[in-house]
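The structure appears below as structure tokens.
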Amino acid sequence: MITSISLTHFLVVGALLFTFGLVTVATRRNAVGVLMGVELILNGANVNFVAFNHYVTGGVSGQVFALFVIVLAAAEAAVGLAIVLAIFQTFKTIDVRFADLMRE
Amino acid sequence: MSVPAIPYAPKRTAKSVVLLTLAVGFILPVALFGAILVLSPLTKPAMFEALVNQLGGNYAAWSPTAKAGAYAGAAALLGFMLLNFGAIISGTTVWWEMRVSSRMQSRIGYNRVGAGGFFQWIADAVKLLLKEDLVPAEADQLLFRAAPYFVLVGFALTFVALPFGESIIAADLNVGIFYMISVTALVVVGIMLAGWSSNSKWALFGGMRSAAQVISYEIPAGIAIMVPILMAGTLSMQGIIRAQGPWPWQWFVFTNPFAFVAFIIFFIAQLAEGNRTPFDLPEADSELVAGYLSEYSSFRFALYFLVEFGNLWVMAAVAVTLFFGGWQVPGTTLQTFQDAIGPGPLPGAAWWGLQLASLVVFVVKTLVVLNVIVWIRWTLPRIRVDQMMTLCWKYLVPFAFVSFVATLLWMIVVARYPVAATVTGGVLTAVFAVVLAVFLRQTKANITAAGDRVDLTHW
Amino acid sequence: MATTTVREYTGAIKDTVVSFWHGLSITLSHLVRRPMTVQYPDRTPMHVRDMLPPRYRGFLEVDAAICTGCQACERACPIGCIQITLEKDPANPKQRVVTQFDIDEAKCMFCGLCVEPCPTGSIQHTREFEASQSDIRNLVFRWADPATGFPVYKVDKTAEYYPRVELGSLVRAKLETRAWDAPGPKFFPPEPPRPPEEKKPAAKPAAAAPAAAAAAPAPTAPAAAPAADKPTTETK
Amino acid sequence: MKTTAGKLSAWFVATLLVVVFLGYMTTQVIQPAYVPGVASTGPAGLTDVLFYVLAAVTIAGAAGVALSRNILYSAVGLLMALLGAGSLYVFLSADFVAVTQLLIYIGGVLVLILFAVMLTNRITEVNVSNTSFGSFGGALLGISVAPVLIAVVTLTPWPARAPAALAPTTALIGNGFLTKWLLPFEVASLVLLATLVGAVVIARKEIKAD
């Protein structure tokens, strides 16, 4: 049984995960690095879902939501990495700045 | 150079050294096993409290820090022992595998150091520890050093949920089997990091192959595991065992014909995930030197070896848990165990005896499966990469789906006619016994056809 | 089309089961049999060369007494491990003398192509195989003494067979007296002077090191582990 | 790591890592196999310590992802963050979610990411560049977002409710997926199928039409 650990503790962890994910997404040039940032953001959200489920709503609806997020994260990673591979085959780099054919 | 006519002169070893090695080799596993036997129930909070009170302490009066410290200490001791048990099991498995393999290839092996060569693995381990620990200059220093520990942790974490007996389990997680699959993923991460950080083409290819192989084979393995989960209605390792019975026709592998298919699929997938022959592509010696561990030496190499052979125990134990009735002792039920606890704060002697019996049953079954794995390794050659992928995607995955769906239908039938389970169990067990007898006859025929006879001397 | 695919699919499964059945029973039957091997070399009942199969191809042996000096074996050798030099005998200009007959057993792949064209059966595979050496160049067998050489054999057209010494006796004599521990012939370049240690490129990729080591002509002791003498590994 | 003592200490560190997880799991959602009288969980102080350790691991891993120069190190950081977050779920009575997190993120996503790194970088060079641009902007972003979020989290009076005791949730989730959340569940499976096909179509090399 958890005594002194409260909802706020988990929310702080989630907020930090989200922040680091945001910074990663914003600053990375490497497409794989950007994907990692997205995973971090999703995890931050997940921590919040599960924490609110335990401390506020009860039941399992928050956990189910977290599970859907995990499933979609896996799907996103698969498609994202396929796109990264396609970018690599086309541009011979995965630096996101160079994948700009649509700009012209 | 011609061979000089020197008669064979065995090296003389001091008696005390022999006795010491004997003590290390035999008493240590036994002591560890006994300690695990005692410790794992005792680390349950209630029993820990009872033990403290039994020993004359007053658990309720302890400060929270003392409680937490003592409890953490007990859990740490158990974890340390389990890890060491894994190490010793992996060492003895190496010795046994070498003995069996040499015998299967009509040669003599592993008989120089100690009793029947038993101390060879200790000598090897000591030699590895004393060797120079090389890190390639162009390797990624941090990841190269860290990768073996990922592998080790992924291996050691499986022992958390691995059952040894009725109450002999570190933690009966209610997501047990799921947990086992997920923590073994750490091994893959470690292998990939090792392959990449070595900065060697062989290691890299080994790591990539390993990742492709393990990801592919997780799919049929996962679906095949669903079959016993469906039949037991729980994910807990102990729950799956309790849903089976002690007799062969009550094991999941024989009660349901599709579960037998699922077991075959699961077994093959386990071999692939554990990088065992015929799926040892990641460390294919003839193509990739040693695959992902080409550049490793000394202690780190020893860690990889520990994990590789210790995994045999884990693979066999999981198979026994899911399909072979686990620790179920013939003649007992869950109630027998409950009744033997007795009224006292600590369970009575009968309970401990039953625990020991269940431990023995589980270990014997596990060793049988382990020997089958060893046997297959020395029978089959390594398959090619495309064959490995074909086997997974074109054969195992469809059959796993079929057995999964068929098990669902079978469960509907059994729910209506409970006698169906008994019938299929009896028939399948009988068929298996007959097939086994025919197989043994074939083996005997092989021996007599070669003009030889069964001879267990010169072992 | 579809039926053949189905037949292939089921046939693959059937093959798997059948091969498992036979393979497992064979290995299991060997498990409960007495091992055939004995420990080498100290527990063999007789010398190992006497237990080898009859067509075993070991080191080449040349019987100088019946060698015609025709160099057919040298031409037949696909890897050029035989080197023969013929000279005129200064005392007797009509007599030709073999002054060099070197066989590099380190290069020899024991294919037997040199044995076939030999008109007299002078060159033959023996059953000798034990010749571990610390220097690979010592694995050159010199069948002609460079100083004196041996005169070539005049083939007698009417002869039914050519008298040859007992097969293997010459090689065995060389092995036992270590007479073949001679320095190598001239087709081995002399060992290049080792570059000084500090001139070694330190930033060479680790993956390229074994290839570089293999390409380098400097022979190293074969007993050393390949990982241990990699120049780019550093001790931690 | 040079000496035997160093090796042994590494061994003990690895052991400790295992032990922490083991002890922590033992105290949590586990149903004890032996229940003589009152079922009790482990001492409370231990879980607090474990929470802080695991939260530190999570955040350190996330920081590693954001700040590391080498993409492989970022991947290891992501591994730590995912492991830590997954372990934190156990404190929240979400054992199934925790294990799913380990299984899918570490066994699937992380391995896929490592795969992509190895396929898309010239593997002969050790330093797989993961340089960030606009470090100043990134730092600014982090400094501006994090305090706001943390202030919101700490200052809001969240509706307090006594958390339920830790209990297994697998059966509840399974029931939910087949009753209340059946439609989302099926949609998720469709999404996965579409992903499967889409990923293959995107990533495959161009094959000349016959």
Side-chain angles (χ1 to χ4, degrees), chain A residues 1-5 7-13 15-24 26-30 32-33 35-37 39-40 43 46-47 50-51 53-56 58-61 63-64 66-68 70-75 77-79 81-86 88-89 94, chain D residues 41 44 47-48 51 55 58-59 62-63 65-66 71 74 78 81-82 85 88-89 91-94 97 100-101 104 108-109 112-113 116-117 119-120 130-135 138 141-142 145-146 149-150 153-154 158-159 161 163-164 169 172-173 176 181 184 188 191-192 195 198-199 202-203:
Chain A
M1 195 55 63
I2 289 158
T3 50
S4 66
I5 307 296
L7 175 62
T8 317
H9 288 80
F10 289 96
L11 295 185
V12 167
V13 172
L16 285 176
L17 274 179
F18 177 82
T19 311
F20 279 122
L22 201 64
V23 171
T24 313
T27 59
R28 287 297 167 196
R29 289 172 180 173
N30 191 326
V32 181
L35 275 175
M36 289 187 195
E39 302 295 341
L40 277 187
N43 258 282
N46 257 1
V47 170
V50 180
N53 176 62
H54 184 64
Y55 284 102
V56 179
V60 291
S61 40
Q63 295 187 19
V64 170
L67 284 175
F68 280 125
I70 290 176
V71 167
L72 290 182
V79 174
L81 294 174
I83 292 172
V84 168
L85 284 188
F88 183 71
Q89 281 168 13
I94 51 169
Chain D
T41 50
T47 51
D48 288 7
F51 171 83
T58 312
I59 291 166
V65 175
I71 190 136
S74 284
L78 187 65
L82 297 175
L88 287 180
Y89 294 155
F91 289 91
L92 296 167
S93 179
V97 180
T100 313
Q101 163 105 358
I104 292 184
V109 173
L112 264 182
I113 284 177
V117 170
L119 284 176
T120 53
N130 188 21
T131 49
S132 50
F133 62 99
S135 329
L141 186 70
V145 169
L149 281 180
I150 291 175
V153 161
T154 46
W158 299 107
R161 176 180 159 280
T169 56
L172 283 174
I173 290 175
W181 293 287
V191 167
L192 280 182
T195 304
I202 294 170

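A note on names: the letters A, B, ... follow the listed sequences, proteins ahead of strands, and every chain is numbered from 1.
The two atoms that bring A:Leu40 and D:Ala81 nearest to each other are CD2-CB, 3.8 Å, heavy atoms only. The two residues A:Ala78 and D:Ala199 come nearest to each other via the heavy atoms O-CB, 4.1 Å.
Of the two parts of D:Ile104, only the side chain, counted from C-beta on, holds a non-hydrogen atom closer than 4.5 Å to a non-hydrogen atom of chain A. When heavy atoms are compared at a cutoff of 4.5 Å, A:Ile83 approaches chain D by way of both its backbone and its side chain. Contacts of D:Leu78 with chain A are made by side-chain atoms alone, with heavy-atom separations under 4.5 Å and no backbone atom involved. Only the side chain of D:Leu192 comes within contact range of chain A, with at least one heavy atom under 4.5 Å from a heavy atom of that chain.
Most heavy-atom pairs under 4.5 Å with chain D: of the set A:Ala66, A:Ala75, A:Ala77, this distinction falls to A:Ala75. Taking A:Val23, A:Leu67, A:Leu17, A:Val13 one by one and counting their heavy-atom pairs under 4.5 Å with chain D, the maximum is reached by A:Leu67. Of the listed residues A:Val64, A:Leu35, A:Val71, the one with more heavy-atom pairs under 4.5 angstrom with chain D than any other is A:Val64. Chain D forms more heavy-atom pairs under 4.5 Å with one residue of A:Leu72, A:Val12, A:Val47, A:Asn53 than with any other, namely A:Val47.
To the nearest 0.5 Å, the span separating CG on D:Leu88 from CG on A:Asn46 amounts to 12.0 Å. The distance from atom CD of A:Gln63 to atom CD1 of D:Ile173, rounded to the nearest 0.5 Å, is 4.5 Å. Put simply, OG1 on D:Thr58 and CG on A:Leu16 are 10.0 Å apart, with the number rounded to the nearest 0.5 Å.
Annotation: side chain of D:Val65 is not in contact with side chain of A:Phe20 (no heavy-atom distance under 4.5 Å). Within the 4.5 Å cutoff, the side chain of A:Leu11 has no heavy atoms near those of the D:Leu149 side chain.
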